[in-house]
Every structure is written in C-alpha cells, then in structure tokens.
Amino acid sequence: MPKNKISKEKSIRHAKTMTEIVISLVLLGAGGFFVRNAMKEASTVQSSPYFDDKDIAVTDVENTSVPDPNQIIYESRSVDTKDKFRGDLILVNEDHEYFGGDEDLVSIIEMNSENERTCFTAVDSTYTILRQVYEPMAQMIQDFSDQYNNDRLIIYGSYRTKEFQQQLYDDDVAQSEDGKSTKVAKAGFSEHESGLAFDFTEADNYDYDGTGDYAWINANCYKYGFIVRYTKSKEKITKIQDEPWHFRYVGIPHAYYMDSNDLCLEEYIDLIRKHPYDGEHLEFKDDKDTEYEVYFVASDDGAEKTTVPVPNGVRYEISGNNVDGFIVTVYKNQKPLVEEAPTKSFEDTSEENTENTTGDEETTDDGSDKTEE
Ligand SMILES: [Zn+2]
C-alpha cells in the first residue's frame, strides 16, 4: 500500500454520476411545481450529448443516491518517470529502443530442473528469460505436451545482451550481399534484449512453424499471456517478417484483447493511448469473465516523477509503454494481491530504497546462432 498518497480523488466517471444525480434531483424538485415541464426537461437532459453516460437512467435516481460501494476510487501514485521504459507492455521495435540493464533473469534449464519439468528444454543453461515469464511459458508448454504427448520443443532464442544482439547483427551484415541486415534488429532494438520474448524450435527438424500439432500453441498462447508478435498480416506495421516461432509476453488481459481484436502490439499501444485516465477507459472481459479496465497516463517527461492515478483497494498493475507514458491495468472486482508488488522498479518511493540501480548487468552469452529480429 503506497504511503505517499498525495490526494484522493474520485474518478471522472463518478464525478459525472454525482453531477447527474444533483441535476436530476433538482429537476425532480422542480417537478413538484411544474410536473409536465420537469418531465419534459428530464428526458431532454437524459438525451443531451453533454451527459453521454449510457449507464445513467432517470429511474436510477433513487437507487444511486447511495454511493455505489463498487465504484472505483482513485488515488495518486508517484512513479519514476524513467520507468516508462520498463514493464510487460513496453514497445520495442526499430523506432523504440530498449533501455534495460537490471533484468531479473532465470536460467530456463535450471528452472526446469528445479521444477522437475522435462517437457521441453533450451539450447543450454546460459539461456535465460525474465523470472515472471518463465512460469507462464513453462505452463503453456506443459499443457501442450500433455495434450499432444510431445516433448520435443526447444527454446532457441531468449534473453540477449545488447552485445550479443550486436554480434548477431554484425554476422548477418557480413553474410549479406549488400552489406545490410534484413533479418536482425540493431543492438538496442530487439525484444529479446528485454527478456520478455522467446523463440521455439523443435528437435526433429529444427524448424518451428506453428503448424500441425504446434498450431495449438499459436492459437492458445494468449491464455498464458503471450502473443505471436510478428505475423504476415501485420508485417507492414511491425516491419518484421512472419515469425510464427517468436512469442512475446504481455500479460493475460492484453494478450486476450490483442488476440480477439486482431491487433499487433504497435496497434494496441496506439489504442490504449486513446483511452487516457481522464477519458473513457478501455473496459473488457476475457473469456473467463474476468473484468479489466485499462487506461493511459502520459509521462511527465520534464520531471523526475510522474503522478499516476491508480485504484484504491483494487488489484492493478502499471507498465511503461517505452514511448510516452504508463499503462494501468485494473483487475476489477479483485482485491490487491497481498504480495502484489508493483514490479521492482515501481517500489513505493517513500520507502527506504536501498536498491542499487547501477547493479552489475547480468551478462549471458547465449550461444544461439539464430538470425532473426
Ligand atoms: Zn525471436
């Protein structure tokens, strides 16, 4: 629970509701004197574009005079403005560089061994991935493996250091005829550097194309929080070739929304930007009927801190978008997780913060010779 509550404020929507109630009560009061006119006006008010909240009906006046206990109350939270470069929803592409350095990584093979998982492997134990990505990835593969009796998947690309990305790029340029790399992102511009992405291959042909039994993974990955990041139909937007083997973690709500609305990450980040805190939030349910509310808060780029409105007493997550601000994901009707934590970089700044932000970057030389993005 953040200690540094700067202020409490009710949501815009709530303010709107209250305004409507007041106006409606006034109208009802006037009705005592001018019944016919008041009824006319009430219907006028209801249909006015000025009050466009469809949930409000004149007949609700009596019921809504008692504050709705489910109404979300927002409070302000102060976050480091530079944290807009962190989180599960960062957009990394040729226009948006990844600025990392203190990723919390785990070795895939070591984690498999600790968890006695034998349904898949990685090329070797230097292959690492963000800690929070390992479990959903492993669970997805486990479910696939159980269903198709297949333990031949191999993680062929995962976290890469900037140096390793540079090496891949240089190798690709050296092999090309025109001195240009068409398949490998420049150092700093690959999702693999974030630890949020991984590539599959399989032990029989070393060629994962997401067809046959493997189509199950590409079709169901959203249930585990992953998207197939580069598809043929979005090639013009992502500027990356079709890559059915490359999966990117974004979290379940967002993977679900992108999958069901056929959006790539570039499009989704743009869409969320059109749902600012002060406007209409993006509200949806997933296929398990979990309700979400998502909104955007622009970063205060001139300042060290940005104030982000967050719900009080309701589970939420904040992620930077790596472009111009923060995305807040509200798990409506869910209480905050006890251990919930704001990812490491979003620690309450009023707490004593002894974290060493210049800690040594864990360098991992994954020996992959895969040459793509
Ligand atoms: Zn990849």
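When a ligand or atom number is given, it counts from 1 through the structure's own listing order.
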Side chain to side chain contact (heavy atoms under 4.5 Å, CB included) evaluation trace for F296 with N321: CA-CA 9 Å; F296 173 73; N321 69 2; 3.5 Å; yes
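For the pair Y208 and I154, the minimum side-chain heavy-atom distance is 4.5 Å or more.
For an aromatic pair to be called close, the ring centres must be under 6.0 Å apart, and F226 with Y222 fails this.
Within H246, ND1 is the N, O or S atom that lies nearest to the Zn ion (ligand 1). Atom OD1 is the N/O/S atom of D199 found closest to the Zn ion (ligand 1).
For the Zn ion (ligand 1), the N/O/S atoms of E191 include none lying under 2.8 Å.
No donor-acceptor contact under 3.5 angstrom links the side chains of H254 and D88, judged on distance only.
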